[in-house]
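Only one structure is covered here, and it is reproduced in the block below.
For this chain, numbers begin at 1 and follow the sequence in order. Hydrogens, waters and symmetry mates are skipped; everything else that's a heavy atom, side chains included, is used.
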Amino acid sequence: MKSAKSKQRLNDIRTPARSKQNLNGERDPVQVYCRLRPMQRDSDSPCMKIISPTMVLLTPPATAISYRNENAKTMKYTFKEVFPPETTQQEVFDKVALPIVEGLIKGKNGLLFTYGVTGSGKTFTMTGEPQNCGILPRCLNIIFKTINDFQAHKYIFKPDKMNMFDIQTEAEAMLERQQELHKFKCGKKNNSNPDLAMSSSDVTKIEGINEDNQYAVFVTYVEIYNNSVFDLLEDGPPISKNLPVKIIREDAAHNMYVHGVTEVEIKSAEEAFEAFYLGLKRKRMAHTSLNAESSRSHSVFTIRLVQAPVDEMGEAVIQNKKFLNISQLSLVDLAGSERTNRTKNTGQRLREAGNINKSLMTLRTCLEALRENQISGANNMVPYRESKITHLFKNFFEGEGQVRMVVCANPRAEDYDETLQVMRFAEMAAEVEVAKPQVIDIAANIGLTSGRRKANRLFTTARDNIVRPEAKDLEMDLGLVYSLGPDFPSLELNSSQANHIIKELMAHLEMRISRRETLKRSKAIKDERLRSALLDLEKDSLEIRSENASLRGQLAASERRVRALEERLTATENASLTHQRKLNELTEYTSSLKRELQEKEMLLSQNKFDKEKQKKILERKYNHKIAAEHEKAKEINYEKERLKNAIEEKENRLRIIAEALNRGDNDDMNKMTGEMGAQTSNRDRDFTPGSTPRALPAHLLTPFSSVPQTNHNQRETLRDTQRDTPSSSRRGIAIANPRHRRSISADGRGWVEHAPNKIVPMGTVMKPNIVNSKVINKLTSVKDIANSRTSKYCLISQEQDTDGELETKLYKGDVVPTCGGGAQVIFNDVEMLKQFSPTRESSHSHSNRQSGTNCARHSGKRRDTNNSPPQTPSNTSKKQRVDDD
Ligand SMILES: Nc1ncnc2c1ncn2[C@@H]1O[C@H](COP(=O)(O)OP(=O)(O)OP(=O)(O)O)[C@@H](O)[C@H]1O
C-alpha cells in the first residue's frame with residue numbers, strides 16, 4: 001500500500017527538460033585557461049611573456065608577418081588563469097578539470113577542450129604522457145574513486161540507442177552480465193596500456209556526492225576527421241580506415257549525439273583506460289614538420305554519468321526512466337591549426353590541414369555569432385551545422401553546462417602569427433556565456449528522504465549483528481531520516497559578488513523552508529499513519545492476548561498429557577529394562593546350557609567312540625564263539641531232523657496199523673500185511689517225510705511182545721486197536737468186551753478237562769473214566785495246564801452229526817513242560833461217543849443196532865501249546881477206531 005502510493009507520487013513528477021535554456025539569466029562565461037609549453041631549444045626566442053597569473057604579453061617578433069605590418073604591436077591577453085611551462089599536469093587538472101568533474105558528479109554537463117597551434121601541447125594536456133598523465137585519465141580516476149561505493153550493478157542502466165537509458169531489473173542485468181562473461185571467456189583482447197594509467201591511491205575523491213543515488217559510467221570515443229565522425233570504440237579492425245562514418249542526430253530532449261555510437265559501460269578506471277587506449281590506437285596521427293605526432297583529427301572522449309535515486313528502502317533503483325539524471329563531460333582534443341606554408345604539407349596532410357583549419361574557423365565563427373547574439377540580444381543564426389565539431393557541441397553553447405577551454409601555446413617566436421590568432425579566438429570565446437546548469441533534487445520532490453541508503457546500510461549491519469534468528473524478518477523504516485538538504489553555501493561577502501551570494505543564500509533558505517514544509521507534511525502524514533498503526537496494533541494485541549490465554553490453556557493441557565505420557569514412558573522403559581535384564585539372564589543361561597550340551601555331546605561322542613571301540617573288540621572276541629555256536633546249532637538241527645524223521649516213520653507205521661485194523665478182515669489183513677511187507681521193503685527206499693503209507697509192516701502186526709521199541713502209549717494204542725477190531729479174535733489181537741470197555745485215558749493221573757461249551761449230559765456208563773480231573777470252561781493261563789498236579793489234557797466238544805445224533809469228541813494229550821516255562825500238549829488220543837435214538841435203530845447198521853452209543857478213538861500228533869490253547873485235532877487226525885457197543 002505504501003509503495004503503491006509512493007509509485008503514484010513518483011509518476012506524477014515530471015522530468016526536467018535538460019535542453020531548456022536557463023531563462024532566469026543565470027549564465028557563466030566560457031572559462032579559458034592558457035598553458036604555455038616549455039621552449040624546445042635554448043636558442044629559441046619567446047614571443048610570449050606571463051605578466052600576471054591571468055595575463056600574458058604577446059610581442060611580435062621581427063620575423064612575424066604581422067610585424068611587417070605597421071599595426072603590429074605588443075598585446076595583452078587575459079585568461080581565467082595562465083599556466084606557465086613548469087605547471088604540472090596535476091595543477092592543470094585541479095584548476096581546470098576538477099570543478100567540471102564535480103559538476104558532472106552533481107548532474108551537470110561539462111565541455112572541456114584544448115585549443116592551440118599544432119605542437120603547442122594540446123594532446124599533452126588532455127592525454128598526457130606515460131607516467132605523466134593528463135586531464136582525461138585523471139578525470140576517469142577521480143570519477144570512479146568518487147562513485148565506487150554507489151555504483152549500480154552493470155547493465156541496470158542500458159543505452160536505448162537514442163541517447164537515453166533504460167532501467168533494467170536486477171535479473172535482466174544479471175543475465176546480461178552472464179552473457180558478457182561467456183563472451184569474455186571466448187576471447188576478449190586486452191587493450192589496456194598500463195603506462196597511461198595512474199595509481200588510484202594518488203587520487204582523492206570528490207565530496208558531496210548524493211549517496212541516495214546509484215551511478216553508472218558510460219564512455220564514447222569518436223573522432224572527427226575531414227569533417228566526418230568515426231566511432232573509435234566500434235568493434236572491428238584496429239585501424240580507423242575501415243570504420244563507417246557516423247551521423248549526428250538530435251534526441252527527444254534536443255541534445256545532439258552521434259547516432260549508433262558504441263557506448264561502453266565502465267566499472268573502473270582501468271576499464272576506462274582500456275577503452276580509451278583502444279580508441280587512441282585508432283586515432284589518426286601523423287608526422288609533420290612541426291610535430292612528430294600530430295593529431296590529424298578532433299577527438300572527443302565523452303563520459304556520461306547516469307544516476308538514479310534508490311527506493312525508499314535504500315536498496316534498489318527506482319524503475320522509472322523519468323528519474324534518471326544523465327550528466328555528460330566531453331573532453332575534446334582539437335587538432336592544431338597550422339599554416340600550410342610553414343608545414344609544407346601536401347596531399348592528404350594538406351587536405352587534413354585544410355579541414356582542420358576550416359572546422360576551427362567554423363568554431364570561431366559560431367562563438368563569435370553566439371557572443372554577438374548574447375551581447376546585442378539578437379537572434380542571428382549560429383552556423384553550428386557547418387562543421388561536425390560545432391554541430392556536436394551546439395547544446396553546450398545553447399543549453400546548459402560548464403564550458404572550459406585550455407589554450408595551449410608554444411611561446412616561441414616562429415609560432416607568433418598562429419598564436420596571435422589563437423589568442424584572439426580565446427579572447428573572443430571568454431566573452432561567450434552559457435547558461436548555468438540547474439540540478440533538481442528529484443528524490444526530495446517525490447517525498448524520499450535523504451540518507452536512505454546510509455540508514456539501510458546501518459540497519460542491515462545492525463540486523464546482521466543481532467544473533468537472534470527472528471532479526472532476519474525485521475523490516476526497516478526509513479521514515480525518521482530527515483534532512484533539510486545540503487549545507488549552507490559560503491557566506492563570505494565581498495564587494496563585487498555580494499549580490500550574487502545573497503541571492504544564492506536566499507535561494508538556499510527558500511529551498512530549506514520548502515523542504516521543511518515538505519518534511520512537516522510528511523511527518524504529519526506519518527504521525528497519522530503511526531497513530532492508526534498503533535490502534536491496529538492495540539486491536540491486534542487484544543486479539544493476541546485472548547488467543548494467548550486460550551493457547552496457554554491448551555498448552556497446560558498438553559503439558560499434563562505430556563507428563564502422563566512421560567510417566568507411562570518411564571514405566572514402559574523400566575519394564576523394558578527388566579525384560580531386557582531377564583532376557584540377558586536367559587540368554588546367559590541358554591548359552592551356559594548350550595555349553596553344557598556341547599560338553600555332554602562331546603562326552604557322548606567320546607563314550608560312543610569308546611563303545612565302538614569296545615564293540616569292535618568284543619565283536620572280534622565273540623565272533624569265534626558265535627561261529628562255534630553256529631556249528632553246534634547246525635548239529636542240533638541235524639539231530640532234530642533225524643529225530644523228526646524217526647517220529648514220522650513211527651507215525652506212519654501206526655497209521656498203517658490203524659488202517660489195517662479198520663478193515664476188519666483177516667484176508668485183507670494178511671493181504672495188507674503182505675502189501676505192507678512189500679511196502680516196508682520199499683520203505684527204506686521210497687519213504688519221505690509226510691507221505692502216507694498205505695499198510696503197516698509185518699512186525700507191527702505181531703503181539704505187543706514182538707514190538708519192543710514202541711513206547712507205552714503206542715503199545716496202548718496198538719492193544720486198543722487190536723481189541724476194537726471185530727475180527728481180531730482170530731490172530732493174537734485182544735478183543736475187548738464192549739460192555740467192559742474202559743477208556744485208555746483212565747490211568748489215574750491228574751487231568752484237565754477243557755469244555756469250552758456246555759456239555760449235554762450223556763446219561764450212559766460209556767463214558768471216559770477220567771480221575772483227578774479239573775474241569776475248566778476257558779483256558780486263560782498256561783498255569784492251568786502247566787503245574788505239578790496236571791499231566792493230561794482233554795478237550796471236549798459236542799455237536800450234531802448229519803443224522804441229527806449227538807456226537808461227543810474227547811481229544812486227549814500229554815502235557816509236556818517246555819524249556820521256556822510254557823507247556824505243550826501232545827495229542828495222542830481221540831475218543832468219539834455217538835448216541836443214537838432207539839426209534840431210528842432200523843436205519844443203522846448191525847453194530848449200531850445193538851447199542852445206542854457209538855464210540856470212536858483217534859490218535860494224534862504232538863502239538864505245541866506254548867502259551868496258546870490247544871486246537872481241535874481234526875487237522876492232525878491220524879487214527880480212528882469205532883467201537884460197537
Ligand atoms: N607543457 C609541456 N611540457 C612538456 N612537454 C610538452 C608540453 N606541451 C607539449 N609538450 C611536448 O610537445 C610535443 C608536442 O605536443 P603535442 O603533441 O601535445 O602538441 P599538439 O598540440 O597536440 O599538436 P597537434 O595539434 O599537432 O596534435 C610533445 O612531444 C609534448 O611532449
Side-chain angles (χ1 to χ4, degrees), residues 654 710-721 723-724 736 738-799 806-835 853-883 885:
L654 287 173
T710 52
N711 59 26
H712 176 75
N713 286 336
Q714 286 171 332
R715 280 198 304 271
E716 286 292 319
T717 306
L718 187 59
R719 195 179 59 218
D720 289 346
T721 305
R723 196 167 46 232
D724 292 342
R739 286 183 296 186
H740 301 287
R741 186 219 175 244
R742 285 293 179 268
S743 170
I744 194 169
S745 306
D747 57 357
R749 287 186 291 179
W751 280 86
V752 171
E753 279 186 78
H754 181 194
N757 301 317
K758 200 173 178 184
I759 302 295
V760 175
M762 287 179 284
T764 176
V765 294
M766 294 301 289
K767 55 183 177 184
N769 186 16
I770 297 170
V771 293
N772 294 333
S773 67
K774 179 187 171 188
V775 180
I776 57 171
N777 293 325
K778 200 173 179 184
L779 194 60
T780 54
S781 168
V782 74
K783 285 180 182 174
D784 292 337
I785 56 171
N787 53 55
S788 57
R789 296 184 307 277
T790 306
S791 62
K792 296 284 184 182
Y793 173 79
C794 179
L795 177 64
I796 303 167
S797 72
Q798 281 185 332
E799 56 187 8
L806 178 67
E807 189 177 68
T808 305
K809 286 182 182 172
L810 290 94
Y811 301 94
K812 297 178 185 173
D814 295 328
V815 177
V816 182
T818 59
C819 58
Q824 64 178 356
V825 175
I826 300 170
F827 289 98
N828 46 27
D829 195 12
V830 179
E831 274 187 52
M832 184 171 70
L833 188 67
K834 268 193 180 180
Q835 288 180 302
T853 304
N854 192 5
C855 185
R857 177 177 291 172
H858 297 269
S859 180
K861 281 179 80 175
R862 187 185 72 178
R863 174 180 172 77
D864 283 341
T865 56
N866 194 12
N867 291 331
S868 62
Q871 293 181 348
T872 56
S874 59
N875 293 334
T876 58
S877 176
K878 296 286 188 288
K879 186 181 78 174
Q880 184 176 18
R881 191 185 66 187
V882 178
D883 290 342
D885 190 6

Original post:
Who pairs with E753 by salt bridge (charged side-chain N to carboxylate O under 4.0 Å, His left out), at least two apart in sequence or on another chain?
Top reply: none
Original post:
Does K809 reach the side chain of Q798, with side-chain heavy atoms less than 4.5 Å apart?
Top reply: no
Original post:
Can you name the nearest heavy-atom pair linking V815 to A823, along with the distance?
Top reply: CG1-CB, 3.9 Å
**OP:** Please tell me if the side chains of C794 and D829 come closer than 4.5 Å, counting only heavy atoms from C-beta onward.
**Re:** no
Original post:
By side chain to side chain donor-acceptor pair (under 3.5 Å), which residues pair with T780, not counting sequence neighbours?
Top reply: D784
Original post:
Looking only at heavy atoms, which two atoms of F827 and Y793 are closest? And how far apart?
Top reply: CZ-CE2, 3.7 Å
**OP:** Please report the C-alpha distance between D814 and K792 in whole Å, then the side-chain angles of each, then the deciding distance to 0.1 Å, and finally whether the side-chain contact (heavy atoms from CB on, under 4.5 Å) criterion is met.
**Re:** CA-CA 5 Å; D814 295 328; K792 296 284 184 182; 2.6 Å; yes
**OP:** Starting at CD of E831, measure out to OG1 of T808 and round the result to the nearest 0.5 Å.
**Re:** 11.0 Å
**OP:** With the side chain counted from C-beta on, respond yes when I785 and L779 share a heavy-atom pair under 4.5 Å apart, and no when they do not.
**Re:** yes
Subject >> Any side-chain heavy-atom pair of M832 and E807 under 4.5 Å >> reply: yes
**OP:** For residues S797 and Y811, determine if any side-chain heavy atom of one lies less than 4.5 Å from a side-chain heavy atom of the other.
**Re:** yes
